[in-house]
Amino acid sequence: MPQIKVKLEKGEEHSYPAGISLLDICRELEACRDGAVVAAEVNGKERDLNSTLRHDSEVAFLDFSSEKGARIYRHSSSHVLAQAVKRLYPRARLGIGPAIDQGFYYDFEFTEPLSAGDLEKIEAEMERIVAERLPFKRREVSREEALALFRGKGEPYKCELIAELPDDEVISLYEQGDFIDLCAGPHLPDTGRIGAVKLTGLAGAYWRGDERNPMLQRIYGTSFPTPELLAQHLELLAEAAKRDHRKLGRDLDLFSLHEEAPGFPFFHHNGMVIIEELLSFWREEHRRAGYEEIRTPLIMNRRLWEQSGHWDHFRENMYFTRIDEEDYAVKPMNCPGAMLVYRSRMHSYRDLPRRIAELGLVHRHELSGTLHGLLRVRSFTQDDAHLFMTPEQIEPEVAGVIDMVDYFYRVFGFKYRVELSTRPDRAMGGVEMWNRAEAILERVLREKGLSYRINAGDGAFYGPKIDFHLEDCLGRSWQCSTIQLDFQMPEKFDLTYIGADGQKHRPVVIHRVIYGAIERFLALLIEQYAGAFPAWLAPQQAAIIPVTDRQHAYAAEVSSALRSASHRVYVDDRSEKVGYKIREAQLKKIPYMLIVGEREAADGKVAVRHREAGD
RNA sequence: GCCGACGUAGCUCAACGGCAGAGCAGCUGAUUUGUAAUCAGCAGGUUACCAGUUCAAAUCUGGUCGUCGGCUCCA
């Protein structure tokens with residue numbers, strides 16, 4: 001029998017008879033001792049453990065702890081979900097079922113809509129399938145065979161996918177027991193490797209993410225090699241929920257949301273203290289970076305919005321009102337106001353770039369279903385700025401803004417992800433102009449050495465943009481900073497500057513925000529610090545805690561001394577025990593507790609206790 | 001907007017056709033306390049809102065509003 005050489009990830013080389021399965025190698029090496037090995041990479045390509053080796057190969061085993069391994073594991077779990085659903089609801093049609101960050105989902109079209117209570121039944125069926133230890137079998141077929149198979153099974157969505165596969169694509173099927181699915185793989189050797197499954201949610205999702213398509217029902221789930229790991233994961237989620245900004249916002253009296261104004265947040269004193277500190281820091285840094293600050297009206301007439309293009313491109317998101325029988329709109333963006341300010345006088349090329357900032361309150365009529373605490377609201381303050389410049393100044397200006405974003409995020413300890421969003425379907429201006437603008441942004445990103453991902457078609461209607469995304473406590477990603485290049489507004493508003501040649505020229509505009517929206521940024525900040533703000537942001541910086549009533553006068557002295565030095569402090573002079581007051585200050589996450597008893601009052605000192613991490 | 005779930009005291013929850021209840025928070029009083037909860041008392045509600053079924057609705061049904069998890073959209 002011919003031998004094949006197998007090189008393993010650690011550099012060892014072994015010889016095996018041709019036709020040996022990866023699973024056998026894996027077993028021989030005891031590599032799957034906890035059942036955690038899920039697949040293998042053969043010569044850099046992911047393969048099922050069930051597949052056999054016919055050539056000399058380099059093999060790396062993937063286990064659940066790796067990102068790739070977890071994805072394969074969850075993907076197999078989604079097939080088990082689909083199998084369970086087909087067993088219980090034979091007439092349900094299959095959509096798609098990929099692995100996602102912390103689990104998987106599968107989309108179905110049911111004859112009768114599923115309700116949340118049905119998930120338990122499906123979960124039980126999944127457990128049965130896991131217990132059956134059904135092997136995943138791969139089979140490659142022609143397009144015709146695949147189409148005939150899924151047409152016969154009454155699966156129109158699968159047929160649509162098959163029809164659209166490129167010609168050179170290998171079409172493969174995966175079969176486990178009584179279930180067969182179109183899938184590129186790879187998969188686990190058998191369903192028995194899935195230790196613990198949990199269905200986590202039921203949601204609607206448009207077929208292929210397009211709202212013109214029918215809405216399917218999406219079942220979310222997660223799975224782990226062992227019940228212990230699943231329990232650990234659920235525990236982690238429960239912990240994360242404790243830092244949810246909606247809960248902390250209420251507990252720490254930062255803000256509130258009311259039925260009377262859905263999507264329009266109410267900020268309380270404590271929240272305002274944090275916002276004001278964020279804004280002071282922002283103003284200081286912007287002055288340093290050569291920005292000016294303006295303020296423009298909330299309401300401007302219809303003609304302005306027609307001129308800016310918002311009337312055509314953004315109308316369904318805007319609020320309107322009538323004044324003296326004329327249509328007015330509440331601003332959804334700050335740009336038109338800034339354009340008018342720029343246009344109010346002549347500009348020389350010597351004065352450019354002009355960096356004109358505005359903390360602008362904008363209102364957008366977002367769909368009711370999208371509202372989410374402070375993270376997605378209908379009125380928010382953008383820390384906006386419009387940079388007016390000559391074409392030559394674009395690259396250094398974009399680079400300057402990127403540096404500023406990076407600096408701000410480092411101050412707060414945020415990790416961010418960068419995206420380049422390109423021309424949308426409903427874009428203003430020619431393709432050529434867009435390509436040029438996109439190329440410029442891409443060049444600066446590369447020069448900065450930032451890794452980024454292209455978000456095709458997600459640009460603003462007037463230009464492409466670089467977006468910076470932050471994550472909330474549950475790992476959901478939110479766009480904050482954005483840098484948008486705009487050749488359109490200057491045209492629409494006929495903006496000019498006088499060049500060295502004495503002639504009028506067209507400036508370029510960059511729209512940019514650093515925090516993005518103060519509301520959203522505050523929400524992420526609350527979750528980032530779990531409510532325990534650093535002293536410079538904390539609504540109350542110190543609690544002064546007298547031990548008995550006899551120290552009240554001294555406590556008041558300490559308090560007024562600190563207050564006159566602009567510190568935010570308060571005296572807890574209730575007739576409670578010290579331990580009680582400390583506990584309360586800790587729960588309010590106050591950075592410092594200044595305890596004053598007989599000893600301290602005599603010495604003119606305080607005993608300092610620092611806030612403990614967590615609670 | 002669409003799909004699914006949920007709205008009971010300020011908060012967390014109980015009662016699941018038969019008198020709306022607890023803990024915490026709040027208020028009053030006592031206590032004068034040394035590093036995470038002193039004790040006692042009081043008050044707090046048209047059970048989101050509007051209809052309907054019923055002798056009787058927080059509970060069952062329909063609608064509206066809001067919230068939560070997603071989809072689409074976006075800072």
Side-chain angles (χ1 to χ4, degrees), chain A residues 105 107 110 113-119 200-220 241 244 246-247 250-251 253 256-263 314 316-317 332-333 360 362 364-384 421 424 458 460 465 467-470 474 476 478-482 484 511-521 523-524 545-552 574-587 593 595-600 607-612 615:
Chain A
Y105 67 78
D107 288 345
F110 290 96
L114 217 59
S115 78
D118 299 323
L119 292 184
T200 51
L202 183 60
Y206 301 106
W207 168 239
R208 314 193 99 180
D210 190 329
E211 61 183 332
R212 288 165 304 197
N213 287 337
M215 182 168 264
L216 308 181
Q217 279 194 291
R218 175 170 297 178
I219 300 175
Y220 283 91
D244 189 309
R246 291 167 295 198
K247 174 185 157 43
R250 193 176 49 231
D251 292 351
D253 200 15
S256 56
L257 294 162
H258 301 269
E259 267 188 45
E260 289 82 350
F314 211 72
E316 63 282 6
N317 281 307
M333 295 184 191
V362 298
R364 297 184 188 174
H365 183 225
E366 303 293 352
L367 295 177
S368 58
T370 64
L371 302 179
H372 185 110
L374 289 186
L375 285 167
R376 190 76 191 276
V377 289
R378 283 177 169 160
S379 76
F380 53 99
T381 304
Q382 294 184 300
D383 60 321
D384 218 340
S421 296
D458 207 37
K465 53 183 191 166
D467 297 325
F468 295 77
H469 295 250
L470 302 181
L474 291 176
R476 291 176 292 211
W478 298 89
Q479 184 185 319
C480 290
S481 304
T482 174
Q484 311 179 345
H511 309 244
R512 49 108 280 185
V513 286
I514 304 293
Y515 291 137
I518 306 300
E519 292 73 4
R520 177 175 289 181
F521 197 82
L524 294 166
I545 300 177
V547 176
T548 74
D549 290 356
R550 291 186 297 280
Q551 286 85 43
H552 282 188
R574 294 171 304 172
S575 62
E576 296 288 352
K577 292 183 177 175
V578 179
Y580 181 87
K581 296 180 188 179
I582 284 174
R583 175 184 153 80
E584 205 145 280
Q586 172 66 36
L587 290 176
M593 299 162 215
I595 290 122
V596 293
E598 229 167 287
R599 294 196 295 272
E600 288 77 15
V608 179
R609 181 190 162 108
H610 199 271
R611 171 184 62 199
E612 284 167 24
D615 53 8

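Every chain is numbered from 1 and lettered A, B, ... according to where its sequence line falls, protein lines coming before strand lines.
Judged as a salt bridge (Lys or Arg N to Asp or Glu O under 4.0 Å), the pairs with a partner in residues 364-383 of chain A (not counting sequence neighbours) are, in order, A:E366-A:R376.
Taking atom CG of residue A:L587 and atom C1' of nucleotide B:U35, one finds them 14 Å apart after rounding to whole Å. The interatomic distance linking A:E576 (CD) with B:U35 (P) rounds to 15 Å, in whole Å. Atom CD in A:E584 sits about 12 Å away from atom C1' in B:G26, given to the nearest Å. The OH-P distance, from A:Y580 to B:U38, rounds to 7 Å in whole Å. Protein atom NZ of A:K581 is 13 Å distant from nucleotide atom C1' of B:U38, rounded to whole Å. Put simply, CG on A:D549 is 13 Å from C1' on B:A30, counting in whole angstrom units. Straight-line distance from the NZ atom of A:K247 to the P atom of B:A25: 15 Å, rounded to whole Å.
Between A:R246 and A:D244 there is a salt bridge, since a side-chain N of the basic residue sits under 4.0 Å from a carboxylate O of the acidic one.
Under 4.0 angstrom from either OP1 or OP2 of B:U38 there lies no side-chain N or O belonging to A:R583. OP1 and OP2 of B:U32 both lie 4.0 Å or more from every side-chain N or O belonging to A:R574.
When all heavy atoms of A:R520 and A:Q479 are compared, the closest pair comes out as NH1-O, 2.6 Å. Minimum interatomic distance between A:S421 and A:D467 (heavy atoms only, all atoms of both residues): OG-OD2, 3.0 Å. Smallest separation of non-hydrogen atoms from A:N213 and A:W207: ND2-O, 2.8 Å.
If you check distances only, the side chain of A:T548 never reaches the base of B:U33 with a donor-acceptor pair under 3.5 Å.
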Worksheet item: Reading RNA chain B 5' to 3', how would its secondary structure be written in dot-bracket notation, given Watson-Crick and G-U pairs with both distances under 3.5 Å, brackets [ ] for crossing pairs and | for partners on other strands?
Response: (((((((..((((....[..)))).(((((.......))))).....(((((..]....))))))))))))....

Practice prompt. Sugar-phosphate atoms are those with a prime plus P, OP1 and OP2; base atoms are the rest. Using that split, label each nucleotide of nucleotides 66-75 of chain B B, S or - for protein heavy atoms under 4.0 Å, 5' to 3'.
Written response: SSSBBBBBBB

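With hydrogens and angles disregarded, no donor-acceptor distance shorter than 3.5 Å links the side chain of A:Q382 to the backbone of A:V513.
Atoms CD1 and CZ, on A:I595 and A:R609 in that order, are 6.5 Å from each other to the nearest 0.5 Å. Note: A:L202 CG to A:R218 CZ = 11.0 Å, rounded to the nearest 0.5 Å. The CZ atom of A:R583 sits 12.0 Å away from the CD atom of A:E576 when rounded to the nearest 0.5 Å.
Contact annotation for A:A585: no contact, since no heavy-atom pair falls under 4.0 Å across all strands. Among the atoms of the strands shown, base atoms are found under 4.0 Å from some heavy atom of A:G597.
Nearest nucleotide to the A:Q217 side chain, out of B:C3, B:U35, B:U33: B:C3.
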